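Worksheet: one structure, shown below.
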Number of protein chains: 2
Amino acid sequence: MGTRTAAERREESRRAYDAYLAECPARQLLDRLSDKWVTLLLNALADGPRRYAELGRRVAGVSQKMLTQTLRGLERDGLVARTVTPSVPVRVDYALTPLGVSLLPVVRAVKDWADGHIEEVVSAREAYDAGADAF
Amino acid sequence: MGTRTAAERREESRRAYDAYLAECPARQLLDRLSDKWVTLLLNALADGPRRYAELGRRVAGVSQKMLTQTLRGLERDGLVARTVTPSVPVRVDYALTPLGVSLLPVVRAVKDWADGHIEEVVSAREAYDAGADAF
DNA sequence: CCGTATCCAAAAGGATACTG
DNA sequence: CAGTATCCTTTTGGATACGG
């Protein structure tokens, strides 16, 4: 006992943080909700089921990788249902589950706030930037 | 004109995406809101002004770098106000602006949804994972 | 059509040390 | 106390090619 100042405190801190994460359910969800593709995909599914390629077009800018990855995550969390129609070629539809639908008002609240306050934010940014490199 | 299939289409796609981003105000905000530290810090400031070190302790797991970086971003967007008291040593307080306060219900809605539905999500995850590597 | 797999560049973010 | 600066690891995510 003596060589235990930085390394140990780091570990201790990390463990404490992890414990906090484990006992705080909101954090896990927050980590998922704090993903731009999640929010965008939920919005894209708001008014009905969509096919895979359709979602790719609607979200505009998402790569195949992120599209699949995000959809899998949402499916795993029970927010989205995946339906495979074994035709040739295969057809896959994604739709919100009831749980996913219950999340929709929240997502919409975010969007509405953004729409309603974007101008104030932009003004604030300009004011801040103007003050930053003034004279 | 002939050497313009992949590279060009990429550029075109990127430009279209950027244009979409520019004309869609919600996206810019969404990018900011899709940051776990932002949500956590807004919650930490919910019931009054806090000092820098205090926030570091309350959020638990945030590094100095991310704390400062996130606070600067929030300040720039007019969501948080930074007040310096030139004592020795210096004292700095952060508080929500009215704009920041107006965002609070939204942030709380996210937290409330998480608290109310976390169990369903966890069950869904277990069911999904059980099916994945079954037999 | 709906993905998966691999590679690789870019960005996020933590650790550490130093300053006013 | 409240940062800033630097380094360096980890993660993210796009491009590409291939498979069912």
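Throughout, protein chains are lettered first and strands after them, A, B, ... in sequence-line order, and every chain is numbered starting at 1. The analysis underlying the following values was restricted to heavy atoms, covering all of them including side chains, and did not include hydrogens, waters or symmetry mates. None of these values were measured; they are calculated from a predicted model.
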Query raised in the report: According to a strict under-4.0 Å criterion, is A:Arg72 in side-chain N/O contact with OP1 or OP2 of C:dG3?
Result: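 It does, given that an N or O in the side chain of A:Arg72 lies less than 4.0 Å from OP1 or OP2 of C:dG3.
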Requested in this report: Determine: side-chain N/O of B:Arg50 to OP1/OP2 of D:dC1, distance under 4.0 Å, yes or no.
Outcome: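 Checking D:dC1 against B:Arg50, no side-chain N or O comes under 4.0 Å of OP1 or OP2.
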Identify which nucleotide among [options] has an atom closest to any side-chain atom of [X], counting heavy atoms from C-beta outward.
X       : options              : value
B:Tyr94 : C:dG3, D:dG3, D:dC1  : D:dG3
B:Thr68 : C:dC2, C:dC1, D:dT4  : D:dT4
A:Tyr52 : C:dC2, C:dG14, D:dA2 : C:dC2
A:Val90 : C:dG13, D:dG3, C:dC2 : C:dC2
A:Arg51 : C:dC2, C:dG3, D:dA2  : C:dC2

How many whole angstroms separate atom [atom1] of [X] from atom [atom2] of [N]?
X       : N      : atom1 : atom2 : answer
A:Gln69 : D:dT12 : CD    : P     : 8 Å
B:Arg32 : C:dA12 : CZ    : P     : 11 Å
A:Leu55 : C:dC2  : CG    : P     : 10 Å
B:Met66 : C:dA11 : CE    : P     : 15 Å
A:Asp93 : C:dC2  : CG    : C1'   : 12 Å
B:Lys36 : D:dT11 : NZ    : P     : 12 Å
B:Asp35 : C:dA12 : CG    : C1'   : 10 Å

Report task. Determine whether more than 12 heavy atoms belonging to other residues, nucleotides or ligands lie under 6.0 Å from atom CZ of B:Arg108. Result ->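 No, CZ of B:Arg108 has 12 or fewer neighbouring heavy atoms, counting only those of other groups under 6.0 Å.
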Query raised in the report: Between A:Lys65 and B:Arg57, which has a closest nucleotide on DNA chain D that is more 5'?
Result: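 Taking each residue's closest nucleotide, the earlier one in sequence belongs to B:Arg57.
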Query raised in the report: Under the 3.5 angstrom rule, does the side chain of A:Glu54 hit a backbone N or O of A:Arg51 as a donor-acceptor pair?
Result: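 Flag set: sc A:Glu54 to bb A:Arg51 pair under 3.5 Å.
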**Report entry** Side-chain donor or acceptor of B:Ser87 paired with backbone N/O of B:Pro89 under 3.5 Å
**Finding:**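 Yes.
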Query raised in the report: Have B:Thr68 and B:Tyr52 got a donor and an acceptor in their side chains that come within less than 3.5 Å?
Result: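 Yes, a side-chain donor-acceptor pair sits under 3.5 Å.
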Query raised in the report: Taking atom NZ of A:Lys65 and atom OG1 of A:Thr70, what is their separation to the nearest 0.5 Å?
Result: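 One finds 11.0 Å between NZ of A:Lys65 and OG1 of A:Thr70.
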Report task. Describe the nucleic acid contact of B:Gln64 in one word from base, sugar-phosphate, nothing, applying a heavy-atom distance below 4.0 Å. Result ->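 Base, at least one base atom sits under 4.0 Å.
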